[in-house]
Asks: 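Please find one structure pasted underneath; my questions will follow.
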Amino acid sequence: MPGGFGGALDQSPCPCGGGVYRSCCGPLHRGYQRAETAEQLMRSRYSAFARGEIDYLLATHPEPDVPAQQRRRSLERSCRQTRWLGLTVLAVSAGGPRDLEGTVQFEARYRGGVLKETSLFQRRDGAGDGPWLYVGALHMEG
C-alpha cells in the first residue's frame, strides 16, 4: 500500500500504543502483513487515521454504496482535521484468528474529546482465511 504521512522506516512509537510503528502497524499499512485478529485490525485502523494512511482505511472498510472519490476526500479531511492522542481497548469479544466475527470496544482520545465506540469486524465473504474488515460502529459516543 502506498505510504501516508509517515516514512516506511519510521522508528517512532506506533499510535495504537503497541510498540515501534515499523514493527507494529506499519507492516499492515504497507500490505506486508494482514491483521490476524479483529483487535489488531482495529488498532491498525486507529493508527491509519492518526498517520493519514488513506488507502489502508479504504481497503479495510468496504462501502460499495459510496463513491470511492467521496470516501477518499472525506477520509483525507478527517485525518487532517483530527489530532489523535491515544487509544485504550476496553473489551474484545471473539474476533480471534479462527473467528469469523468479533467486536472491539475502545476509547480513542483526540484533541477536544474522546470517541467511545464498539466496532463490529467480520472476515471478508465469511471465509475463515479471509482478511478482517471493519463493518461499522455498533455503538458510538463522542
Side-chain angles (χ1 to χ4, degrees), residues 1-10 12-97 99-142:
M1 306 230 156
F5 302 142
L9 299 176
D10 199 327
S12 64
C14 192
C16 84
V20 176
Y21 174 75
R22 72 174 189 179
S23 59
C24 187
C25 291
L28 281 77
H29 293 167
R30 302 287 171 258
Y32 303 145
Q33 295 176 2
R34 282 191 341 194
E36 295 180 18
T37 66
E39 180 182 352
Q40 188 179 23
L41 181 64
M42 187 280 306
R43 288 178 170 281
S44 67
R45 283 183 51 81
Y46 170 84
S47 292
F49 274 104
R51 295 179 59 93
E53 297 287 348
I54 307 301
D55 289 335
Y56 186 79
L57 293 168
L58 290 168
T60 57
H61 182 205
E63 290 183 284
D65 298 338
V66 181
Q69 270 309 96
Q70 179 182 336
R71 292 179 64 211
R72 180 174 294 281
R73 281 193 304 272
S74 176
L75 286 167
E76 287 170 348
R77 188 171 37 258
S78 174
C79 289
R80 275 194 309 272
Q81 293 175 351
T82 307
R83 171 124 167 93
W84 294 101
L85 304 173
L87 175 69
T88 303
V89 174
L90 302 173
V92 177
S93 177
D99 294 322
L100 298 179
E101 186 173 290
T103 61
V104 180
Q105 181 183 13
F106 64 91
E107 290 182 350
R109 294 172 305 288
Y110 60 93
R111 186 175 300 157
V114 177
L115 169 68
K116 298 177 184 181
E117 181 174 316
T118 301
S119 299
L120 175 63
F121 298 89
Q122 294 176 339
R123 298 277 190 172
R124 183 182 301 275
D125 302 323
D129 62 348
W132 281 105
L133 298 172
Y134 171 72
V135 175
L138 297 175
H139 181 274
M140 184 176 5
E141 299 173 30

Asks: Looking at every heavy atom in both C79 and L57, which two are closest together, and how far apart are they?
Replies: SG-CD1, 4.1 Å
Asks: Do any pairs count as a side chain to side chain donor-acceptor pair (under 3.5 Å) and have a residue in residues 111-122, sequence neighbours left out, and if so which ones?
Replies: E101-Q122, E117-S119, E117-Y134
Asks: Give a yes or no answer on whether the side chain of S47 reaches the backbone of S44 with a donor-acceptor pair at less than 3.5 Å.
Replies: no
Asks: Could you grab the distance from atom SG of C16 to atom CZ of R51, nearest 0.5 Å is fine?
Replies: 11.0 Å
Asks: So how far is it from R22 CZ to C14 SG, rounded to the nearest 0.5 Å?
Replies: 12.5 Å
Asks: Please check: side-chain N/O of Q70 versus main-chain N/O of V66, any donor-acceptor pairing under 3.5 Å?
Replies: no
Asks: Measuring from atom CZ of F106 to atom CD of E39, what distance do you get when rounded to the nearest 0.5 angstrom?
Replies: 11.0 Å
Asks: Can you tell me if Q33 has over 12 outside heavy atoms packed within less than 6.0 Å of its CD?
Replies: yes
Asks: Step by step, work out the side-chain contact (heavy atoms from CB on, under 4.5 Å) result for W132 and D99.
Replies: CA-CA 10 Å; W132 281 105; D99 294 322; 4.3 Å; yes
Asks: Among E53, H29, R45, R124, find the residue that satisfies the side chain to side chain donor-acceptor pair (under 3.5 Å) test when tested with T60.
Replies: R45
Asks: If I take atom CE from residue M42 and atom CG from residue L120, how far apart are they, to the nearest 0.5 angstrom?
Replies: 13.5 Å
Asks: For F49 and L75, work out which heavy atoms get closest and say how close.
Replies: CE2-CD2, 3.6 Å
Asks: So which heavy atom on L138 is nearest to which on T103, and how close?
Replies: CD1-CG2, 3.6 Å
Asks: With the threshold set at 4.0 Å, does a side-chain nitrogen-carboxylate oxygen contact exist between R123 and D129?
Replies: no
Asks: Exactly one of H61, E76, E63 should register a side chain to side chain donor-acceptor pair (under 3.5 Å) with R71. Which one does?
Replies: E63
Asks: Report all side-chain donor-acceptor pairs from residues 81-97 shorter than 3.5 Å, counting only partners two or more places apart or in another chain.
Replies:
unit_1: T82; atom_1: OG1; unit_2: S78; atom_2: O; d: 3.2
unit_1: T88; atom_1: OG1; unit_2: R109; atom_2: NH1; d: 3.0

Asks: Which residues pass the salt bridge (Lys or Arg N to Asp or Glu O under 4.0 Å) test with E141, sequence neighbours left out?
Replies: none
